[in-house]
Amino acid sequence: MGEGKLFTIRKFRLEDLDAVRRINKVFLPENYPEYFFRSLYNNCPDGFLVAIVEDKVIGYIMCRLEVSYSLFKKIKWAHIVSIAVDERYRRKGVGTALIKGVIKNLADKVDGFYLEVRVSNKPAINLYEKMGFEITKRISKYYMDGEDAYLMTKWVSKGEKHVPFTYLV
Ligand code: ACO
Ligand code: ZN
């Protein structure tokens with residue numbers, strides 16, 4: 001980050017859309033059309049955050065609110081669909097701050113958080129484990145190139161633990 005360049009976390013605004021899409025495209029193989037980012041923002045504005053350094057977007061996290069049913073009990077989830085930090089600003093706590101931000105904003109609205117991550121993505125898996133996520137299952141050939149995913153879950157509610165229903169995004 002260079003000396004003294006602080007980052008801030010704030011909610012995504014539509015004017016950030018191009019910058020977020022650029023970071024998504026450069027740093028992740030999973031890319032989405034513009035309407036997808038807009039639909040996540042509409043679905044869960046409190047779960048769509050950006051990290052800013054000197055007025056520029058250097059990272060983002062976006063979530064979708066979902067429900068699943070277990071023995072007719074409705075379970076509410078925040079699905080962390082995508083997170084990325086510009087590689088020039090990594091290992092400085094930005095990813096941690098983005099995840100803490102969505103947990104703070106959504107923890108009282110959901111029973112748990114979940115995400116999928118490539119089994120080879122050790123930096124991300126380490127980050128999620130530090131944030132209290134656990135590997136709950138391995139999903140065979142989840143990604144387009146055939147790689148498996150880990151489903152990782154963090155429960156908020158103290159009661160029974162459920163494994164979320166998932167689908168491809
Ligand atoms: N190697 C090992 N552990 C790592 C690494 C690494 N390269 N990077 C982060 N970690 C772990 C460490 O435990 C670290 O804590 P420490 O620095 O005190 O040791 C902890 O994660 C927190 O690191 P942060 O600095 O908060 O994370 P960062 O800002 O670097 O962002 C991220 C992490 C988002 C995974 C970043 O590496 C990235 O953008 N990667 C490319 C995109 C990506 O893979 N996104 C996740 C895809 S899965 C999904 O989106 C649901
Ligand atoms: Zn997902």
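When a ligand or atom number is given, it counts from 1 through the structure's own listing order.
His79 has its closest N, O or S atom to the Zn ion (ligand 2) at the position named NE2. Take the N/O/S atoms of Glu116: the one nearest the Zn ion (ligand 2) is OE1.
The part of Glu116 lying near ligand 1 is the backbone, judged by heavy-atom distances below 4.0 Å. Residue contacts with ligand 1, taken as heavy atom pairs separated by less than 4.0 Å, do not involve Arg118 at all. With a 4.0 Å cut-off on non-hydrogen atoms, Leu98 does not touch ligand 1 at all. Contact annotation for Tyr128 and ligand 1: only side-chain heavy atoms (C-beta onward) come within less than 4.0 Å of the ligand.
With no hydrogens or angles considered, no side-chain donor-acceptor pair links Glu30 and Ser82 at under 3.5 Å. When only modelled atom types and interatomic distance are considered, Asn24 and Tyr60 share a side-chain donor-acceptor pair under 3.5 Å.
If you number the atoms of ligand 1 from 1 as listed, the ones under 4.0 Å from a heavy atom of Val94 come out as 26 (O), 29 (O). Close approach of ligand 1 to Leu28 is summarised as follows: ligand atoms under 4.0 Å from at least one heavy atom of the residue are 42 (C), 43 (C), 44 (O), 45 (N), 47 (C). Ligand 1 places these atoms under 4.0 Å from at least one heavy atom of Lys92: 25 (O). Near Ile80, meaning under 4.0 Å from one of its heavy atoms, ligand 1 places the atoms 51 (C).
Between the Glu147 side chain and the Ser120 main chain, a donor and an acceptor come within less than 3.5 Å of each other. Judged purely by atom type and a 3.5 angstrom limit, Asn31 uses its side chain to pair as donor or acceptor with the backbone of Leu28. Between the side chain of Asn43 and the main chain of Ser39, no donor-acceptor pair closer than 3.5 Å is present. Within the 3.5 Å criterion, the main-chain N or O of Arg88 finds no donor-acceptor partner in the side chain of Lys92. The main-chain N or O of Arg13 is found under 3.5 Å from a side-chain atom of Asp16 such that the two form a donor-acceptor pair.
Separation of atoms CG (Leu115) and CD1 (Ile125) is listed at 9.5 Å; rounding is to 0.5 Å. We find the CD-OG1 distance between Glu134 and Thr153 to be 8.0 Å, quoted to the nearest 0.5 Å. One distance of note links CG of Leu40 with CZ of Phe12; it measures 10.0 Å at 0.5 Å rounding.
Looking only at protein heavy atoms, the nearest one to atom 18 (O) of ligand 1 is Lys130 NZ, 3.0 Å. Ranking protein heavy atoms by distance to atom 7 (N) of ligand 1, first place goes to Pro123 CG, 3.5 Å. The shortest contact between atom 29 (O) of ligand 1 and any protein heavy atom is with Gly95 N, 2.8 Å. When only non-hydrogen protein atoms are considered, atom 22 (C) of ligand 1 lies nearest to Thr96 OG1, 3.3 Å. Atom 17 (O) of ligand 1 has as its closest protein heavy atom Arg91 NE, 2.9 Å. Atom 50 (O) of ligand 1 has as its closest protein heavy atom Ile83 N, 3.1 Å. Counting only heavy atoms of the protein, atom 37 (O) of ligand 1 lies nearest to Arg90 CD, 3.3 Å. Atom 44 (O) of ligand 1 has as its closest protein heavy atom Asn121 ND2, 2.7 Å.
Closest heavy-atom contact between Leu106 and Gly47: CD1-CA, 3.9 Å. Of all heavy-atom pairs spanning Phe36 and Arg64, the tightest one is CE1-NH1, 3.9 Å.
When only interatomic distances are considered, the shortest N/O to N/O separation between Tyr89 and ligand 1 does not fall below 3.5 Å. For Phe27, no nitrogen or oxygen atom sits less than 3.5 Å from a nitrogen or oxygen atom of ligand 1, counting backbone and side chain alike. The shortest N or O to N or O distance between Lys122 and ligand 1 is not under 3.5 Å. Considering backbone and side-chain atoms alike, Ser82 places every N or O at 3.5 Å or more from each N or O of ligand 1. Checking only distances, Val85 does come within under 3.5 Å of ligand 1, N or O to N or O. Any N or O atom pair closer than 3.5 Å counts here, and Gly93 shares at least one such pair with ligand 1.
Using a cut-off of 4.0 Å between Lys/Arg side-chain N and Asp/Glu carboxylate O, Asp111 and Lys73 are scored as not salt-bridged. Salt bridge status for Lys56 with Asp86: absent, with no side-chain N to carboxylate O gap under 4.0 Å.
Of the candidates Asn126, Leu127, Leu115, Ile125, Asn126 brings a heavy atom nearest to atom 3 (N) of ligand 1.
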Check: So Lys130 and Thr96, side chain to side chain contact (heavy atoms under 4.5 Å, CB included) or not? Walk me through it.
Finding: CA-CA 9 Å; Lys130 268 198 174 161; Thr96 301; 6.0 Å; no
